Colleague: 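After the structure tokens below, expect a handful of questions from me.
The shown structure was predicted, so the numbers you read here are calculated from the model rather than taken from an experiment.
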Amino acid sequence: NLGINKSNSYVANNTFDVGERVQSYNMRIKDTILFVGTLNTRKENDILISSFNNIINKIPKNICLSFIGDGDQLLNLSNQVKSYQIQSRVKFYGRIEDVNKLKDFYKRAIVSVSFGQSGLSVLQSLGYGVPFLTKKNSVSGGEKTNIINDFNGIFCEDNQKSLETSLIKLCLDIEFSKKLGKNAFDYYTKYCTIENMTQGFIDAIEKTNKTKIYTNNEG
């Protein structure tokens, strides 16, 4: 758009190889709001927990908030959950490196959330067929450009009320969540595989144009 000659520019879309994938959107049981990543301040998980506490009586009682990961905010977040007395609905599972165990969490996930930051966890979520929720101005290395609002994920505004509204919408309409999840899975398949990323580098070396790049002109 700034006038750069397309023949001189190439894209290798940064991604995360999730290995053996699973179509999470096809799973019958959907009862988890999921966070996967390091528990640090820029993720703003305190806002996520506060939001969950505010909507806990507005969503089905079987839905829990699950945190996968560790970090320097673990104690503070645990204490926040205790102060709200919602320990039965918010769980901290620590860091999980076993892919099969992690996959089981994504299978049950309604949505994957990171309010303050959207990094490679975006690609991991899309790869497993789970929509990703973050705020529009979240910290990102560019990974959030893979999120298409209300298509394979959701961008909320930079306020807690907007986050709460988005979470309620997804939790009360699981079919909508699954639809976003299918779109997420298909988007990853077309644009976010390691092979497609590699092709971007090959294009730059061989002056070809084979890598698949999403544009706003597509459906």
Colleague: Quick check: do V113 and L34 have side-chain heavy atoms less than 4.5 Å from each other?
Modeller: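 Not touching, per the 4.5 Å side-chain cut-off.
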Colleague: What closest approach, in Å, do I59 and C171 show between heavy atoms, and which atom pair accounts for it?
Modeller: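 That would be CG2-CB, 3.7 Å.
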Colleague: Show your reasoning for whether side chain to side chain contact (heavy atoms under 4.5 Å, CB included) applies to L167 and L48.
Modeller: CA-CA 10 Å; L167 289 172; L48 174 57; 4.1 Å; yes
Colleague: So, does T193 use its side chain to make a donor-acceptor pair with the main chain of T189 at under 3.5 Å?
Modeller: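 Absent.
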Colleague: Which value, rounded to the nearest 0.5 Å, describes the distance between T32 atom OG1 and K91 atom NZ?
Modeller: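 These two atoms lie 11.5 Å from each other.
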Colleague: Answer yes or no on whether K169 is positioned over the face of F176, meaning its NZ or CZ is under 6.0 Å from the six-membered ring centre and within 45° of the axis.
Modeller: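 Cation-pi check for K169 and F176: passes.
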Colleague: Could you check N53, N76, V90 and say which one makes a side-chain contact (heavy atoms from CB on, under 4.5 Å) with V81?
Modeller: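 That would be V90.
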Colleague: Can you tell me if Q124 and Y106 form a side-chain donor-acceptor pair at under 3.5 Å?
Modeller: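 Q124 vs Y106: donor-acceptor pair found between side chains.
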Colleague: Quick check for you: to the nearest 0.5 Å, what is the distance between K43 atom NZ and S138 atom OG?
Modeller: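 With rounding to 0.5 Å, NZ (K43) is 11.0 Å from OG (S138).
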Colleague: What I want to check is whether the side chains of S114 and S121 have a donor and an acceptor closer together than 3.5 Å.
Modeller: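 Looking only at side-chain atoms, S121 and S114 do not form any donor-acceptor pair under 3.5 Å.
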Colleague: Check for me, please, whether V99 and V22 land in the same ILVMFWY cluster - side-chain distances under 4.5 Å, paths through other members count.
Modeller: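 Yes, V99 and V22 fall within the same hydrophobic cluster.
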Colleague: Is there a donor-acceptor pair closer than 3.5 Å between any side-chain N or O of K179 and the backbone N or O of F151?
Modeller: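 Between the backbone of F151 and the side chain of K179 there is no qualifying donor-acceptor contact (under 3.5 Å).
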Colleague: For the residue pair F35 and F67, categorise the inter-ring angle as parallel (less than 30°), tilted (30 to 60°) or perpendicular (more than 60°).
Modeller: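 Answer is tilted, since the angle falls between 30° and 60°.
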Colleague: Please give me the minimum heavy-atom distance between F115 and C156, naming the atom from each residue.
Modeller: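 Distance-wise, the nearest heavy atoms are CE1-SG, 3.6 Å.
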Colleague: Between CG of N14 and CG of L123, what distance do you get to the nearest 0.5 Å?
Modeller: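 If I round to the nearest 0.5 Å, the distance is 6.5 Å.
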Colleague: Roughly how far apart are I49 CD1 and I86 CD1, rounded to 0.5 Å?
Modeller: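 Rounded to the nearest 0.5 Å, the CD1-CD1 separation comes to 7.0 Å.
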Colleague: Between R89 and F52, is NZ or CZ placed under 6.0 angstrom from the six-membered ring centre and within 45° of the ring axis?
Modeller: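 Ring-cation test returns no.
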Colleague: Pick from K135, Q160, Q117: which one makes a side chain to side chain donor-acceptor pair (under 3.5 Å) with E44?
Modeller: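 With E44 as partner, side chain to side chain donor-acceptor pair (under 3.5 Å) holds for just one option, K135.
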Colleague: Starting from M27, can I reach L172 by hopping between I/L/V/M/F/W/Y residues whose side chains sit under 4.5 Å apart?
Modeller: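 No, no single cluster joins them.
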Colleague: For C192 versus Y187, what's the shortest heavy-atom pair and its separation?
Modeller: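 Minimum heavy-atom contact is SG-CE2, 3.5 Å.
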Colleague: Check S118 against S140 and note the closest heavy-atom contact, atom names and distance.
Modeller: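 Scanning both residues, the minimum pair turns out to be O-OG, 2.8 Å.
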Colleague: Looking only at side-chain N and O atoms, does D203 offer a donor or acceptor that is under 3.5 Å from a partner on T208?
Modeller: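 Result is yes, a qualifying pair exists.
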Colleague: Output yes when a side-chain donor or acceptor of K30 lies under 3.5 Å from a complementary backbone atom of K107, and no otherwise.
Modeller: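 Between the backbone of K107 and the side chain of K30 there is a qualifying donor-acceptor contact (under 3.5 Å).
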Colleague: Check whether any side-chain heavy atom of T15 sits under 4.5 Å from a side-chain heavy atom of Y188, and report yes or no.
Modeller: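 With C-beta onward as the side chain, the pair touches.
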Colleague: Any side-chain to backbone donor/acceptor pair from E143 onto G141? Under 3.5 Å, distance only.
Modeller: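 Answer holds: yes.
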Colleague: Identify the heavy atoms of K144 and F155 that sit nearest to each other, and give their distance.
Modeller: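 Here K144 and F155 meet closest at O-CZ, 3.5 Å.
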Colleague: With no hydrogens and no angle check, is any side-chain donor or acceptor of S50 less than 3.5 Å from a backbone partner on D46?
Modeller: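 No, because the side chain of S50 does not come within donor-acceptor range (under 3.5 Å) of the backbone of D46.
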Colleague: To the nearest 0.5 Å, what is the distance between CG (L180) and CD (E175)?
Modeller: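 L180 CG to E175 CD: 11.5 Å, rounded to 0.5 Å.
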Colleague: Same hydrophobic cluster for L102 and L120, using side-chain heavy-atom links shorter than 4.5 Å among ILVMFWY?
Modeller: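 L102 and L120: one cluster.
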Colleague: Do F132 and V111 touch side chain to side chain, with heavy atoms closer than 4.5 Å?
Modeller: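 No - every pair of side-chain heavy atoms lies 4.5 Å or more apart.
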Colleague: Just checking, any donor-acceptor pair under 3.5 angstrom between side chains of N196 and Q199?
Modeller: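 Checked: N196/Q199 side chains show no N/O donor-acceptor pair below 3.5 Å.
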Colleague: Any chance the rings of Y93 and F105 have centres within less than 6.0 Å?
Modeller: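 Between F105 and Y93, which both carry aromatic rings, the centre distance is below 6.0 Å.
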Colleague: Determine whether a donor-acceptor pair (N or O, by modelled atom type, separation under 3.5 Å) exists between the side chain of S125 and the backbone of V130.
Modeller: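 Yes; at least one donor-acceptor contact below 3.5 Å.
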Colleague: In sequence, state the C-alpha distance, the side-chain angles, and the governing distance for S177 and D173, and then conclude on side chain to side chain contact (heavy atoms under 4.5 Å, CB included).
Modeller: CA-CA 7 Å; S177 166; D173 191 350; over 6 Å; no
Colleague: Please round to the nearest 0.5 Å and tell me the distance separating atom CG of L133 and atom CG of N149.
Modeller: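 Taking CG in L133 and CG in N149, the distance rounds to 9.5 Å.
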Colleague: How close do G69 and L39 get, counting heavy atoms only, and between which atoms?
Modeller: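 The pair with the smallest heavy-atom distance is O-CD1, 3.6 Å.
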Colleague: Answer yes if the side chains of Q73 and N40 hold a donor-acceptor pair under 3.5 Å, and no otherwise.
Modeller: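 Short answer, no.
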Colleague: Do Y191 and I213 touch side chain to side chain, with heavy atoms closer than 4.5 Å?
Modeller: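 No - every pair of side-chain heavy atoms lies 4.5 Å or more apart.
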Colleague: Using the rule side chain to side chain donor-acceptor pair (under 3.5 Å), only one of T145, T211, N146 pairs with N13; which is it?
Modeller: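 Among T145, T211, N146, the one that satisfies the side chain to side chain donor-acceptor pair (under 3.5 Å) with N13 is N146.
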Colleague: Taking atom types as modelled, find out whether N137 and D158 have a side-chain donor-acceptor pair closer than 3.5 angstrom.
Modeller: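 Short answer, yes.
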Colleague: When clusters are formed by joining ILVMFWY residues with side-chain heavy atoms under 4.5 Å apart, either directly or through shared neighbours, do L65 and I56 land in the same one?
Modeller: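 Yes.
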Colleague: If we count only N and O atoms by modelled type, under 3.5 Å, do the side chains of S24 and R108 hold a donor and an acceptor together?
Modeller: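 Distance-only check fails for S24 and R108.
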Colleague: With heavy-atom distances below 4.5 Å as the criterion, would you say the side chains of K190 and D186 are in contact?
Modeller: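 Not in contact.
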Colleague: With a 4.5 Å heavy-atom cut-off, do I148 and Y214 have their side chains touching?
Modeller: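 In contact.
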Colleague: Do NZ/NE/NH1/NH2 and the carboxylate oxygens of D104 and K101 come within less than 4.0 Å?
Modeller: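 Looking at D104 and K101, the cut-off is not met.
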Colleague: Please determine whether residues I154 and V139 belong to a single hydrophobic cluster, defined as Ile, Leu, Val, Met, Phe, Trp and Tyr linked transitively by side-chain heavy-atom distances below 4.5 Å.
Modeller: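 They do not share one cluster, since no chain of ILVMFWY contacts under 4.5 Å joins I154 to V139.
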Colleague: More than 12 heavy atoms of other residues, nucleotides or ligands under 6.0 Å from NZ of K103: yes or no?
Modeller: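 For K103, atom NZ is crowded (more than 12 foreign heavy atoms under 6.0 Å).
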